[in-house]
Amino acid sequence: MILSRRTLIGSMAATMLTGCDRLAEHENVQRILFSAENFHRWAQRSLMDRNALAREFSAADISPIFRANGTANPNTDAYKAIWRTDFADWRLKVTGMVGRPLSLSLAQLHALPHREQITRHDCVEGWSAIGKWRGVPLRTILDAARLSTRAKYLVFRCADTMGSGHPYYDSIDMIDAFHPQTILAFALNDKPLSVANGAPLRLRVERQLGYKQAKYLMAIEAVDSLSGIGRGKGGYWEDYAGYDWYAGI
Ligand SMILES: Nc1nc2c(c(=O)[nH]1)N[C@H]1C(S)=C(S)[C@@H](COP(=O)(O)O)O[C@H]1N2
Ligand SMILES: [Mo]
């Protein structure tokens, strides 16, 4: 019997899939192959362009309620103090591997060029919401701070401590940092960001899952390694729950 090339490749693919499925049944193998950050990053890079845009929606698609998840109010003394004055005394610190460290007020951020985008937020817990975000492209801030070409990651430090004493934080690489839809958002659905959704400022990194969208931003630190930060996995959920550092969608 002569098999056409297509049939042959088709059946090879089927065999490989079955093989993979069987392997995946074994949790250990699954962890090594599919949970490893390297595999995920490799798969994302080779299957899709990481600079491609996330889908943008129309105003009619906006969810009536953008539910809050995780911390809904940091409730620390420091946060209450900045909240009481409507964040007039809050500053976003930009530090680490930059030529010019910054300390930016909300008024200064409002004065910079904005970007607006209506995107879908997907949480690993199984819910999604479409919202309209307004904020400053992160690259604008990085250019102003003269980011070092040796910096590999940005670490986002948040005001909430998750009740555990470990502050929420997360990190992204420079591909996402300079992605055109990566913004520091101060408004959701044409209103100032609510406390529940991360006031006064949060990250939107639209090609990744919900837990990468750091709320209650206090500082951004440019680093060349994540090993000295937290438990070294690049984020709160990465450190304490084993979530993947790269959560591409
Ligand atoms: N600082 C901080 N950022 C956070 C969280 C949090 O608890 N604290 N939760 C994350 C998770 S899991 C999700 S799904 C989104 C939820 O954003 P929302 O509350 O605006 O829906 O924020 C992410 N960023
Ligand atoms: Mo989430």
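Whatever order the structure lists ligands and atoms in, that order sets their numbers, starting from 1. In what follows, residues are counted from 1 in the order of the sequence shown. Note that this is a predicted model, so its numbers are computed, not measured.
- Here Ile183 contributes atom CD1 and Ile141 contributes atom CD1; the two are 11.5 Å apart, rounded to the nearest 0.5 Å.
- Distances from ligand 1 to the non-hydrogen atoms of Tyr236 include no value under 4.0 Å.
- Checked against a 3.5 angstrom limit, the closest N/O atoms of Tyr216 and ligand 1 fall outside it.
- Below 4.0 Å from some heavy atom of Ala196 lie the following atoms of ligand 1, by number and element: 19 (O).
- Residues Trp133 and Phe186 place their aromatic rings such that the two centres sit no closer than 6.0 Å.
- Contact of the Pro167 side chain with the Tyr236 side chain is not registered, since no non-hydrogen atoms from C-beta on lie closer than 4.5 Å.
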- Task: Kindly determine whether Lys212 and Asp170 satisfy salt bridge (Lys or Arg N to Asp or Glu O under 4.0 Å), including the steps that lead there.
- Result: CA-CA 6 Å; Lys212 302 296 288 190; Asp170 217 317; 2.7 Å; yes

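- Counting only N and O atoms by type, the side chains of Tyr246 and Arg50 include a donor and acceptor under 3.5 Å apart.
- Proximity of the aromatic rings of Tyr216 and Tyr168 is defined here by a centroid distance below 6.0 angstrom, and this criterion is not met.
- Near Cys158, meaning under 4.0 Å from any of its heavy atoms, are these atoms of ligand 1: 1 (N).
- Against a heavy-atom cut-off of under 4.0 Å, Arg202 is close to the following atoms of ligand 1: 15 (C), 16 (C), 17 (O), 18 (P), 20 (O), 22 (O).
- For the residues Trp127, Phe156, Tyr168, the heavy atom positioned nearest atom 9 (N) of ligand 1 is part of Tyr168.
- The hydrophobic cluster containing Leu203 also contains Leu201, counting ILVMFWY residues as joined when their side-chain heavy atoms lie under 4.5 angstrom apart, directly or transitively.
- Glu56 and Gln181 share a side-chain donor-acceptor pair at under 3.5 Å.
- Atom 7 (O) of ligand 1 has as its closest protein heavy atom Thr71 N, 2.9 Å.
- Taking any N or O of Lys215, backbone or side chain, at least one lies under 3.5 Å from an N or O belonging to ligand 1.
- Near Gly70, the atoms of ligand 1 lying under 4.0 angstrom from a non-hydrogen atom of the residue are 7 (O).
- Protein heavy atom in closest approach to atom 21 (O) of ligand 1: Arg67 O, 2.5 Å.
- Contacts between Ala72 and ligand 1 below 4.0 angstrom, taking non-hydrogen atoms only, are absent altogether.
- Of all the heavy atoms of Phe66, the ones lying under 4.0 Å from any atom of ligand 1 belong exclusively to the side chain.
- Close approach of ligand 1 to Cys123 is summarised as follows: ligand atoms under 4.0 Å from at least one heavy atom of the residue are 14 (S).
- Here Tyr243 has no heavy atoms under 4.0 Å from ligand 1, in either its backbone or its side chain.
- Here the heavy atom of the protein found nearest to atom 24 (N) of ligand 1 is Gln213 O, 3.0 Å.
- Every N/O-N/O distance between Glu125 and ligand 1 stays at or above 3.5 Å.
- Inter-residue side-chain proximity for Arg202 and Leu193 is flagged as met; some heavy-atom pair is nearer than 4.5 Å.
- Under 4.0 Å from ligand 1, the heavy atoms of Asp160 that appear belong solely to its side chain.
- Within ligand 1, the atoms closer than 4.0 Å to a non-hydrogen atom of Gly210 are 10 (C), 11 (C), 13 (C), 14 (S), 15 (C), 22 (O), 23 (C), numbered from 1 in the order shown.
- Using a 4.5 Å cut-off on side-chain heavy atoms (C-beta onward), Arg115 and Arg134 make no contact.
- Contacts between Ala68 and ligand 1 below 4.0 angstrom, taking non-hydrogen atoms only, involve backbone and side chain alike.
- Look at Lys152 and Asp173 and you find no salt bridge, because none of the NZ, NE, NH1 or NH2 atoms lies under 4.0 Å from a carboxylate O.
- Between Phe156 and Tyr169, the ring centre distance reaches or exceeds 6.0 Å.
- On a distance-only criterion, His121 and ligand 1 share no N/O pair closer than 3.5 Å.
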